[in-house]
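Counting begins at 1 with the first residue of the sequence.
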Amino acid sequence: MANSGSNGGAATPFGGKLRVEGIQTVVPTKPTDPRQSSRIIVSQNLSSTAVLQRRFHVLLCYNKASDDDSGWLVAGRIKDSLGRALQEQPLLAGRLRRREESGDDLEIVSNDSGIRLVEAKAEMGLGGFVEMKEKRKAEAELLFWEDVLDLSPQFSPLFYVTNFKCGGYSIGISCSLLLVDPFLLTTFVKKWANAHNNIISRNESPKIPTFFLPNHGKPTSSPSLLMGSNTTKDVAESVIFNIPTKILDLDKIHKNLAALCVDEAERDAGWKLASNFSLFLKVPFEDDRVEVCTRQGLLDVPKSCLGMNGMSCARTWDELELDEICFSEGNKPIYASCWINSVVDEGSVMIVPSTNDLGVKIVVTFT
């Protein structure tokens, strides 16, 4: 495990010019009562840690909008606005753990343990990052991730606010796919950003927030963070399918749909899914399910014709509209990116309901 205080030194795209300045935890403004829980049924022993390490990353980069705008101020105000937003989605501030009744199955419990917020400083201008021709490794440095331990799979969403020398800043979010799917997470972030702006416009937040890091003095040493192996931060390529019609028996035909979309994704992208892959299934009002499948086994599954009418696919996440998310009124991101991380030798297929409950999203991710 590597210490991320300097993010690996000169061998990294930032050349050791990225420094962690502070760490705090954001919890729901009010205690969650009663507590909520969400069960994840595991079809076999999770000896494959790849299932635990799958996560979705979001990166949003903003120019300094005014003299009163900075990443330090945004991070300070997050303590209030994010805490309020978590009242509506308390599971995001909960923790993943193994169920006592079953050593294999998992559950998420809204125990208000909170979201980790990391504040960092980059000794370079935001323009230098945006103008990089190959940004994938640099993007990963503007996020913090943490491997989930197999025996004790505690995990929380991780937010990483980086202040650049020019006054611009980035907001990075990393979240386990076991906790929330990309579409639900993005919907949450949009609602949170709107609430954040409403608080500021109504002058409900002080001009200088209580948790304004520069007012607390410069740290004598960079806070220590443990980061996962290099394989967990790599970007994987995904093909996103949209089926606009509601499928009532999704739990019965999910493998048929997976077979259909894998076949289409391989043909569209020109790659082959790894021999082993994780199948994530979310069905409304039911327990989530995780299966470890083989590509060869999927070839024997009949491809479902349901949903063929109107089904579309894309190799980008444009439908998430990340470039419209503002944390300062009218200040849209100058650069936005998102991806599912790569896990060596294992792909994944995620089947989830659309956020409007009128269709289904299927995401095929290659290694």
Transitively linked via ILVMFWY side-chain contacts under 4.5 Å: [X] with [Y]?
| X | Y | value |
| --- | --- | --- |
| F159 | V27 | no |
| M124 | L126 | yes |
| Y160 | I23 | yes |
| L177 | I41 | no |
| I247 | V301 | yes |

Test item: [X] and [Y] side chains (from C-beta on) under 4.5 Å apart, heavy atoms:
| X | Y | answer |
| --- | --- | --- |
| Y169 | N63 | no |
| L322 | L59 | no |
| V352 | V363 | no |
| I340 | W317 | yes |
| V343 | R54 | yes |
| I325 | V189 | yes |
| I351 | L250 | yes |
| I173 | F56 | no |

With sequence neighbours left out, what residues match D288 under side chain to side chain donor-acceptor pair (under 3.5 Å)?
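D288 satisfies side chain to side chain donor-acceptor pair (under 3.5 Å) with K282 once adjacent residues are dropped.
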Any residue meeting side chain to side chain donor-acceptor pair (under 3.5 Å) with D318, in chain and number order, not counting sequence neighbours
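Scan of D318 (side chain to side chain donor-acceptor pair (under 3.5 Å), adjacent residues dropped) gives T316.
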Checking [X] side chain against [Y] main chain: does a donor-acceptor pair fall under 3.5 Å?
| X | Y | answer |
| --- | --- | --- |
| N111 | G94 | no |
| S328 | N331 | no |
| N163 | W72 | yes |
| N256 | K303 | no |
| D181 | L184 | yes |
| R77 | I199 | no |
| D268 | C313 | no |
| S170 | C61 | no |

Determine, stepwise, if the pair R39 / E107 fulfils salt bridge (charged side-chain N to carboxylate O under 4.0 Å, His left out).
CA-CA 4 Å; R39 183 183 178 188; E107 66 179 349; over 6 Å; no
Nearest-0.5 Å distance that lies between atom [atom1] in [X] and atom [atom2] in [Y]:
| X | Y | atom1 | atom2 | value |
| --- | --- | --- | --- | --- |
| E21 | E119 | CD | CD | 9.0 Å |
| F183 | E319 | CZ | CD | 5.0 Å |
| K137 | M132 | NZ | CE | 12.0 Å |
| R136 | W339 | CZ | CH2 | 9.5 Å |
| C175 | L92 | SG | CG | 6.0 Å |
| N242 | I240 | CG | CD1 | 10.5 Å |

Show your working on side-chain contact (heavy atoms from CB on, under 4.5 Å) between L117 and I78 and close with a plain yes or no.
CA-CA 9 Å; L117 173 62; I78 278 176; 4.2 Å; yes
Determine whether Y62 and Y335 satisfy the following criterion, ring-ring contact (aromatic ring centres under 6.0 Å, His included), listing intermediate values before the conclusion.
CA-CA 7 Å; Y62 299 89; Y335 180 77; over 10 Å; no
Parallel, tilted or perpendicular: which one describes the rings of H196 and F327, with boundaries at 30° and 60°?
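Aromatic pair H196/F327 classed perpendicular.
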Tell me whether the rings of W271 and F366 are parallel (<30°), tilted (30 to 60°) or perpendicular (>60°).
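Rings of W271 and F366: perpendicular, as their planes differ by over 60°.
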List, one per line, each side-chain donor-acceptor pair under 3.5 Å for residues 31-38, sequence neighbours excluded.
| unit_1 | atom_1 | unit_2 | atom_2 | d |
| --- | --- | --- | --- | --- |
| T32 | OG1 | D112 | OD1 | 2.7 |

I would like to know whether R315 and E237 meet salt bridge (charged side-chain N to carboxylate O under 4.0 Å, His left out); could you show each step before the answer?
CA-CA 8 Å; R315 288 173 61 182; E237 299 290 344; 5.3 Å; no
For the residue pair [X] and [Y], what are the closest heavy atoms and their distance?
| X | Y | result |
| --- | --- | --- |
| L60 | A336 | CD2-CB, 3.9 Å |
| T365 | S238 | OG1-OG, 2.8 Å |
| L178 | I108 | O-CD1, 3.2 Å |
| I243 | M311 | CG1-CG, 3.8 Å |
| P182 | L320 | O-CD2, 4.5 Å |
| S342 | A236 | CA-CB, 3.8 Å |

For A85, what residues pass the side-chain contact (heavy atoms from CB on, under 4.5 Å) criterion, not counting sequence neighbours?
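Once residues adjacent in sequence are excluded, the partners of A85 under the side-chain contact (heavy atoms from CB on, under 4.5 Å) criterion are F188, W192.
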Residues in side-chain contact (heavy atoms from CB on, under 4.5 Å) with K79, at least two apart?
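Residues passing side-chain contact (heavy atoms from CB on, under 4.5 Å) with K79: Q24, V26, F211.
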Who are the salt bridge (Lys or Arg N to Asp or Glu O under 4.0 Å) partners of R295, not counting sequence neighbours?
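Expected list: E266.
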Using the rule side-chain contact (heavy atoms from CB on, under 4.5 Å), only one of D263, V262, T294, T367 pairs with L273; which is it?
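The single option meeting the side-chain contact (heavy atoms from CB on, under 4.5 Å) with L273 is V262.
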Name the one of V42, I40, D287 that satisfies side-chain contact (heavy atoms from CB on, under 4.5 Å) with D105?
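Filter result, single survivor: V42.
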Is [X] atom [atom1] crowded by more than 12 heavy atoms from other residues, nucleotides or ligands, each under 6.0 Å away?
| X | atom1 | result |
| --- | --- | --- |
| K64 | NZ | yes |
| E88 | CD | no |
| K135 | NZ | yes |

Applying salt bridge (charged side-chain N to carboxylate O under 4.0 Å, His left out), run through R19 and E123 and close with a yes or a no.
CA-CA 8 Å; R19 175 187 172 92; E123 294 296 336; over 6 Å; no
Between K121 and V20, does the side-chain contact (heavy atoms from CB on, under 4.5 Å) criterion hold? Intermediate values first, please.
CA-CA 6 Å; K121 182 178 180 180; V20 172; over 6 Å; no
Could you please spell out the steps behind the side-chain contact (heavy atoms from CB on, under 4.5 Å) verdict for S278 and E346?
CA-CA 7 Å; S278 306; E346 185 166 317; 2.5 Å; yes
